[in-house]
Amino acid sequence: MSGRVIFCNPQNSLWLFSPLSSSSSIKSKTTYIKNVFLNRRNLLSFSPKPSSSSSSALFCCCSSSSSDGGAQSITPADPFILTTPLYYVNAPPHMGSAYTTIAADAIARFQRLLGKKVIFITGTDEHGEKIATAAAASGSTPIEHCNNISQAYKFLWKDLDIAYDKFIRTTDSSHEEIVKEFYARVLASGDIYRADYEGLYCVGCEEYKDEKELLENSCCPMHLKPCEARKEDNYFFALSKYQKSLEEVLAHNPDFIQPSYRLNEVQSWVKSGLRDFSISRASVDWGIPVPTDEKQTIYVWFDALLGYVSALSQEEEKPTLQHAISSGWPASLHLIGKDILRFHAVYWPAMLMSAGLSLPKMVFGHGFLTKDGMKMGKSLGNTLEPKDLVLRFGSDAVRYFFLREVELGNDGDYSEERFINIVNAHLANTIGNLLNRTLGLLKKNCNSTLIVDSVTAAEGSALKDTVEKLVRTAKDHYENLSLSLACEAVLEIGNAGNLYMDERAPWSLFKKGGDASEAAAKDLVVILEVVRIIAVALAPVTPSLCSRIYSQLGYSNDQFEAITWSETRWGGLKGRQVMAQAIPIFARIEIIKEEENGGETPKKAVKDKKQKQKPKPKPQVAVEAQG
Ligand SMILES: Nc1ncnc2c1ncn2[C@@H]1O[C@H](COP(=O)(O)OP(=O)(O)OP(=O)(O)O)[C@@H](O)[C@H]1O
């Protein structure tokens, strides 16, 4: 869009000036503004009023809520609303579900460090045929089943240090109210009709499929099971009506779908022609009844996507779209796996347009954790148990490994050997050892007290500039959601600190005494400042590890909880600050070869010094304290 905002008045009118050409009529510009530009603001509906000359148009777009006729405010400080998918409770969570949630948590934590108001939404999708079948198989009622599995998600998020703000369940009564109101809006837009449908249905995807997307024998490529031929009398959503608008949204809004290479995929789906899709099921009881026909239930995807909105309802308020939206909709980011990109990048925006609601600012479809090249998933059962990984290696190791090793957007296979090598090398050696060695030297030579502040200590040293540059790089990567590169930049800070330590060799300077000893004491301050900055910059990824670093540097837990990104600036450590006792912050994991370990698998356990001094048996799986 080549227009620009020229004036924004206090009554929430937004003025846009836009040049016209033969290919951009007032009508198409109006549609564009309506669907994209203003959708980025807190407006429920809007009425662009073009006034034109032959070569340009001035649009006055006034906010006017369709439900209460009142204006909504255009606030510069919109909250950062971030969502994970609402996970389907057909089976307990696995490492794939954990991957999205860990990534979302790191993004949310980074945004909080920037001082943004964050609303991090996760939750569970609990309706539909697969859930009813899974409940029957476990001998429980659907709601008992949902309660159990939903709880398992909450427990896992606790184990993984996930700090979500809202956990929405699609069986919540407030959600049901919102879905019904939304359905009524779409109906009022004339976008719902009734028809017979006959097609091939994948129960795994809970979706009718086009034959051309299926493998041999009508098998779903994701779930590797044949689709069933089904015929139903359903209610349909007129997706095809939004073909043009969606094309425009995608064409004019390059950031909407990320990573950018997925945009082509979405554009080609849309270009191939959008078909209306059925939004009710006559054969499924476990769902929200269609408001106008109690014999049918609302299609699980139509229901689940609305969880992102209903999660914004406040407990003390009546659950209405108006109330929910006023908490700051639209979402800044829907973080999802690429398997559900079509629902988020095509169906969802069209549904929102139909209901006159704003579109999310970005949909990011990340890659898959794979096992033998296949997507790890509940339906295939080829999953990795995150709880088990957390129990053995701790949440920091799990969070760090997957965010560092699998660049958001790409696929990645898990290997235990690689997991152990990476977390040992980066967390135990580069960061943990650096802190531990430095605190050891400080205790021995300076009574654990900093001789000067870190700015004075770094005078004349190039390390400060190197660190500040790497911090800026890490920030850019976090902002671009390149979490792996952000981790890499932080690790580079650790490498720079280690190099400094080795080059300066403070242990030998202390032996010389006098000025050399003073220089060594300053070197320790410099290195500890490096580690402090690492603790801030890596806090989105490994919050627990970073809080342990902070506490060893003599800060309280409250001080760590209150940190902001600005504390990555050099100069946090003060003269006379007293460090705490050095305790290894991350225990090294050692690999025991299976045949020498009676078939046991690697385990994380911190050995105490005594254990370490024992003659080592043959290579064993055990974990050794770094230091
Ligand atoms: N292997 C995986 N790699 C990365 N993310 C995954 C993986 N599996 C699931 N997810 C995350 O969970 C979302 C899908 O949630 P869902 O509850 O449907 O899990 P699922 O295991 O894929 O289920 P199913 O196997 O039944 O299709 C994905 O969009 C993604 O966010």
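Just the heavy atoms: all of them, side chains too, but no hydrogens, waters or symmetry mates, feed the values below. Atoms within a ligand are numbered from 1 in the order they appear, just like the ligands themselves.
Salt-bridge check for D339 with K375: passed, with a basic side-chain N closer than 4.0 Å to an acidic carboxylate O. Here R342 pairs with E213 in a salt bridge; the nearest charged N to carboxylate O distance falls below 4.0 Å. A salt bridge is absent between R230 and E198: the closest approach of a Lys/Arg side-chain nitrogen to an acidic carboxylate oxygen does not fall below 4.0 angstrom.
Taking any N or O of Y87, backbone or side chain, none lies under 3.5 Å from an N or O belonging to ligand 1. Checking only distances, M376 does come within under 3.5 Å of ligand 1, N or O to N or O. Here's the thing with G337: one of its N/O atoms is less than 3.5 angstrom from an N/O atom of ligand 1. Considering backbone and side-chain atoms together, Y99 places no N or O closer than 3.5 Å to any N or O of ligand 1. Not one N or O of Y153 is nearer than 3.5 Å to an N or O of ligand 1, by distance alone. Below 3.5 Å of separation, one finds no N or O of I340 facing any N or O of ligand 1.
For atom 27 (O) of ligand 1, the nearest protein heavy atom (residue, atom name, distance) is H223 NE2, 2.9 Å. Residue, atom and distance of the protein heavy atom nearest to atom 26 (O) of ligand 1 are S379 OG, 2.5 Å. Distance from atom 17 (O) of ligand 1 to its nearest protein heavy atom, with residue and atom name: K378 NZ, 2.5 Å. In this structure, the protein non-hydrogen atom closest to atom 22 (O) of ligand 1 is K375 NZ, 2.4 Å. Closest to atom 7 (C) of ligand 1, if we only count protein heavy atoms, is G96 CA, 3.4 Å. Here the protein heavy atom with the shortest distance to atom 21 (O) of ligand 1 is H94 NE2, 2.7 Å.
Applying the side-chain hydrogen bond (donor to acceptor under 3.5 Å, both in side chains) criterion to Y153, with sequence neighbours excluded, gives K378.
If you number the atoms of ligand 1 from 1 as listed, the ones under 4.0 Å from a heavy atom of L369 come out as 1 (N), 2 (C), 3 (N), 4 (C). Set against the non-hydrogen atoms of G377, the atoms of ligand 1 under 4.0 Å away are 21 (O), 25 (O). Near Y88, meaning under 4.0 Å from any of its heavy atoms, are these atoms of ligand 1: 17 (O). Near D339, the atoms of ligand 1 lying under 4.0 angstrom from a non-hydrogen atom of the residue are 14 (C), 22 (O), 28 (C), 29 (O). The ligand atoms of ligand 1 that sit less than 4.0 angstrom from a heavy atom of G367 are 4 (C). Residue H366 has at least one heavy-atom neighbour below 4.0 Å for each of these atoms of ligand 1: 4 (C), 5 (N), 31 (O). Those atoms of ligand 1 with a heavy atom of N90 less than 4.0 angstrom away are 26 (O). Contact atoms of ligand 1 toward T100: 5 (N), 11 (C), 30 (C), 31 (O) (distance under 4.0 Å to a heavy atom of the residue).
Under a 4.0 Å heavy-atom criterion, C205 is not in contact with ligand 1. Assignment of K130 to the shell around ligand 1 is supported, since a heavy atom sits closer than 4.0 Å. For the pair M95 and ligand 1, no heavy-atom separation below 4.0 Å is found. For the pair M222 and ligand 1, no heavy-atom separation below 4.0 Å is found.
Side-chain contact of E126 with T124: a donor-acceptor pair under 3.5 Å is present, judged by distance alone. With hydrogens and angles left out, the side-chain atoms of T542 and D396 include no donor and acceptor closer than 3.5 Å. Side-chain atoms of H323 and T320 include a donor-acceptor pair closer than 3.5 Å.
Taking 4.5 Å as the limit, every side-chain heavy atom of F155 sits out of range of all side-chain heavy atoms of L160.
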**OP:** Mind running side-chain hydrogen bond (donor to acceptor under 3.5 Å, both in side chains) on H344 and Y308 for me, showing each step along the way?
**Re:** CA-CA 11 Å; H344 287 77; Y308 302 141; 2.7 Å; yes
Original post:
Does the pair D255 and K361 meet the rule for a salt bridge (charged side-chain N to carboxylate O under 4.0 Å, His left out), with working shown?
Top reply: CA-CA 8 Å; D255 289 343; K361 293 175 192 170; over 6 Å; no
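Checked against a 6.0 Å centroid threshold, the rings of W565 and Y478 count as neighbours.
Geometric assessment of K130 against the ring of Y88 yields a negative cation-pi assignment under the 6.0 Å and 45° thresholds. For the pair K338 and F368, the cation-pi test (distance below 6.0 Å, angle within 45°) is passed.
Only one option out of F236, F277, Y299 pairs with Y197 in a ring-ring contact (aromatic ring centres under 6.0 Å, His included); it is F236.
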